[in-house]
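Within every chain, numbering begins at 1; the chains are lettered A, B, ... in the order of the sequence lines, protein sequences first and strands thereafter.
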Number of protein chains: 2
Amino acid sequence: MKITDMRVTPIAMGDPPLLNAAGLHAPYALRTIVELVSDDGISGVGEVPGGAVTTSALEAAREAVVGADPFARRANLAALEAIAGRLDWSRTTLMRVSSAVDVASHDLIGKAIGKPVVDLLGGAVRERVEFAAYLFYKDEGAGGESATGEELGARIDPSAGGWPAARHARAHEHDEVVAQARAMCDEYGFGSIKLKGGVFSPDHEVVTIRALREAFGPYVPLRLDPNAVWSVETAVKAGEQLVDLLEYYEDPVRGQEAMAEVARRLDLPLATNMCTVAFEHLPQSVRLGSERIILVDHHAWGGLLAAVELDRICATFGRELSMHSNSHLGISLAAMTHLAAASPSLAYAVDTHYPWQSDEVIVGGRFVFDGGSLPVSREPGLGVELDRDALARLHANYVRCGLVERNDEVEMQKTRPGWRFEKTRW
Amino acid sequence: MKITDMRVTPIAMGDPPLLNAAGLHAPYALRTIVELVSDDGISGVGEVPGGAVTTSALEAAREAVVGADPFARRANLAALEAIAGRLDWSRTTLMRVSSAVDVASHDLIGKAIGKPVVDLLGGAVRERVEFAAYLFYKDEGAGGESATGEELGARIDPSAGGWPAARHARAHEHDEVVAQARAMCDEYGFGSIKLKGGVFSPDHEVVTIRALREAFGPYVPLRLDPNAVWSVETAVKAGEQLVDLLEYYEDPVRGQEAMAEVARRLDLPLATNMCTVAFEHLPQSVRLGSERIILVDHHAWGGLLAAVELDRICATFGRELSMHSNSHLGISLAAMTHLAAASPSLAYAVDTHYPWQSDEVIVGGRFVFDGGSLPVSREPGLGVELDRDALARLHANYVRCGLVERNDEVEMQKTRPGWRFEKTRW
């Protein structure tokens, strides 16, 4: 089997004004969809964080991918690494390109042999994958507008009540965040909750966590992610108030040394998707003990094969896995579900931004969660098919919305003039 | 696809009187052959170190294996681990059972989908695999006799000259070992040489290495493996004489702490298949720096899936891979070749005892090396088929030879009365 064609399509999907330490989500989040077509006429798909740089790197990758055997996964990734060296890609770009090609190859292989992707990764160790409610402080609105205010994509009707209304609503204060959590959990059945922090003062965010604990009772695991904009002293001080409230404390501070110091001073499991985000960071992570939980992201670690190998490293070195998310559609959600199903060290409900999106690019529309979880598909490949009409519509959004990269700082400045990202804000 | 039958056949193959730190090889080496048959009528095979304990453990594993999906590799290994806990198997037994089931599952999957095993492990990163000449001090003879002296298996004709004669000949002195090396390299084309040491005094073995270096010139990599029966002081003293002679120094001393001390005191890469032999040993290996090279053995690490995950750990933590061997036949050789082909961190010619055997259990007879290497098969599965007549004959050998376990110490005592294994002999 040979790959005979590679199609690269940048898309933009509606995304609400979610606040985070880097600023504000733009009205559209960018993804790039990759299709690999084989000489058997089968095609496999992948989805990665998008924009102009990723898209053009994927175009440049075509020379290594077309003509390759999709089963030759390690050799194909090595070929991409060689191109990355020649074209001076950043590590992030290489990982995105690798992930797109790796996931699409797995989908293609699975479809060719009639087996789900999880079976190519060693087989399922669980039949369903649990996801977590991913809460954000946010401004009012639901995204889906171009830079000029023109409405392009699927919009949310705030008058509908329930989750659509909550998704549209502002959430700055603790009671607004609790309302968001209630609506999301009612709609999706999530049993774990993560709050993206690093937005308001640490005191404000501790109050929010306390409100969530009071609202949801003692048995719903809570997580807080200040995105590394707190100092060690701030993180320890806030952490002391959070010890009995959190399941884990995600990236309170920046860098492995600072994380290790917080780990030494607090009796609270630390998690990261910021300080240990590549295989080459693991030796220092092990030496310092910078975190107990690694949030794997196959888009950032170079694909599914690499990500299951990270699972073995976690099992070997006393780490646990959770899973990171970015704004994404159903192809990424399917890949995340297969990876989670093949990962014995996964010990937590998986992060997903999926409730924040209303667009979809797969046939049959959006995934439906049951009790906060998804079944692991037994269909061939990822178990999803590209909806070509939706792809065309979302590509038109990309072309028309005017965005070519994610820049949350610029977006934030539109409503908070003079706002600047700070590596350590508190 | 379901596994509907599991056949377990203990076999014995002729094995020459090879000397090592534990004693002497018996006239027969024991292996166990496992066949898994699917509801599609396809079968997959695996080969592991044998004897009564392994064979009965594999029989007990049938309850977990029959009815299982061969693709569910991780779940099937977890089921074996559960049985191991219930039946109080040793770690070695669990690893052998896991390896047999894992390899046979990979063969079955490969045959079912028409792809070589290497493609199930991420695809080949090399097209050929290089092997090393594995030299032994030995007594005269070629094995293949029962405990009562009755000749059962394939014998070697010492009058034939060349490798058959050298395989039969005694090799105690350095010139005898050089003659063995010449004959083996002439026959197989090997370009690297390993000497199993720990048999004679360190001085005697250093003289042998020096003689090999003189005979083969400066460009043939040499390795010495004293099997951990040297003290740290002895290993350092001998090592100082070996620094310019060896490619690597394998297990000169026992345990990770002692290896780490030798590593600190000598400018010579250390390798192990004795002190870091399981995933749970890796954290201390990393902490201490006990070796630079790990000799992976899929029979001892729990199968092919586990072994490729070890490759990623080596790449991540600055280790290299070489490959360990035990007396084996073609099924294991095929599995070793596929694993080596899928392992980017493999940096050395692979150990193999294969030249010491003359039996075979696969259709078409014994593998033929070209220039010391084997091509990576593109045939489905392992690329080998079980020869049922040969299997029956080797099983009859097992029944008649009277051996049920490997015990090199007892065998040694037959010619060296009173000889005892010592953990640190020199």
Side-chain angles (χ1 to χ4, degrees), chain A residues 1 68-79 81 102 105-106 109-110 112-127 278-287 301-319 341-345 378, chain B residues 1 68-79 81 102 105-106 109-110 112-127 278-287 301-319 341-345 378:
Chain A
M1 187 163 56
D69 176 352
F71 279 93
R73 290 162 281 167
R74 294 183 200 281
N76 296 345
L77 294 182
E81 216 171 309
D102 175 272
S105 296
H106 278 96
I109 293 169
I113 70 171
K115 290 286 171 185
V117 165
V118 66
D119 279 8
L120 309 176
L121 303 176
V125 296
R126 51 182 66 86
E127 290 178 1
F279 288 101
E280 55 264 38
H281 302 158
L282 285 161
Q284 176 152 304
S285 160
V286 165
R287 199 158 53 241
W301 285 80
L304 299 171
L305 194 63
V308 287
E309 291 173 348
L310 174 63
D311 182 280
R312 172 68 82 168
I313 294 181
C314 287
T316 300
F317 289 91
R319 300 296 195 269
S343 299
S345 302
R378 295 299 307 164
Chain B
M1 185 163 57
D69 177 352
F71 278 93
R73 290 162 281 167
R74 294 184 201 281
N76 295 344
L77 294 181
E81 217 170 308
D102 175 271
S105 296
H106 278 96
I109 293 169
I113 69 170
K115 289 287 171 182
V117 165
V118 66
D119 279 6
L120 309 176
L121 303 174
V125 295
R126 52 182 66 85
E127 290 177 3
F279 288 102
E280 54 263 40
H281 302 158
L282 286 162
Q284 175 150 304
S285 160
V286 165
R287 200 157 53 239
W301 286 79
L304 299 171
L305 194 63
V308 287
E309 291 173 348
L310 174 63
D311 182 279
R312 173 68 82 169
I313 294 181
C314 287
T316 300
F317 289 91
R319 301 295 194 267
S343 298
S345 302
R378 294 300 308 164

Working to the nearest 0.5 angstrom, can you tell me the gap between B:Leu305 CG and A:Arg312 CZ?
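Taking CG in B:Leu305 and CZ in A:Arg312, the distance rounds to 7.0 Å.
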Interatomic spacing from CZ in B:Arg74 to CG in A:Asp311 - rounded to 0.5 Å:
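One gets 6.5 Å once the value is rounded to the nearest 0.5 Å.
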| request: Any pair with a residue in residues 118-127 of chain A that passes side chain to side chain donor-acceptor pair (under 3.5 Å), sequence neighbours left out, goes on the list, sorted by first then second residue, please. | output: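 Matches after skipping sequence neighbours: A:Asp119-A:Arg378.
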* Asked: For A:Glu280, which residues count as a side chain to side chain donor-acceptor pair (under 3.5 Å) partner, sequence neighbours excluded?
  ->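 A:Glu280 satisfies side chain to side chain donor-acceptor pair (under 3.5 Å) with A:Arg91 only.
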Below 4.5 Å from any heavy atom of chain A, which atoms of [X] appear? Answer side chain, backbone, both or neither.
{"X": "B:Pro344", "result": "side chain"}
{"X": "B:Ala112", "result": "neither"}
{"X": "B:Ala124", "result": "backbone"}

Of the listed residues (B:Leu282, B:Asn76, B:Val125), which shares the most heavy-atom pairs with chain A below a 4.5 Å separation?
->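 Of the options given, most contacts go to B:Leu282.
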Would you say the side chain of B:Phe71 lies within less than 4.5 Å of the side chain of A:Leu121, judging by non-hydrogen atoms?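 No, too far: nothing below the 4.5 Å cut-off.
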Task: Choice from A:Gly123, A:Pro283, A:Ala278 maximising heavy atom contacts with chain B below 4.5 Å - done: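 The answer is A:Pro283.
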- Which of the residues A:His281, A:Lys115, A:Met1, A:Arg73 is involved in the greatest number of heavy-atom pairs with chain B at under 4.5 angstrom?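 Maximum pair count with chain B is reached by A:Arg73.
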### Query
What part of A:Val118 is in contact with chain B, defined as an atom under 4.5 angstrom from a non-hydrogen atom: side chain, backbone, both or neither?
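Answer is neither: A:Val118 stays 4.5 Å or more from chain B.
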query = Can you check whether B:Phe317 and A:Phe279 have ring centres sitting under 6.0 Å from each other?
reply =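 Ring centroids of B:Phe317 and A:Phe279 are no less than 6.0 Å from each other.
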- Task: Check for a donor-acceptor pair, side chain of B:Arg287 on one end and backbone N or O of A:Val286 on the other, with a separation under 3.5 Å.
- Result: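 Side chain of B:Arg287 to backbone of A:Val286: no pair is present.
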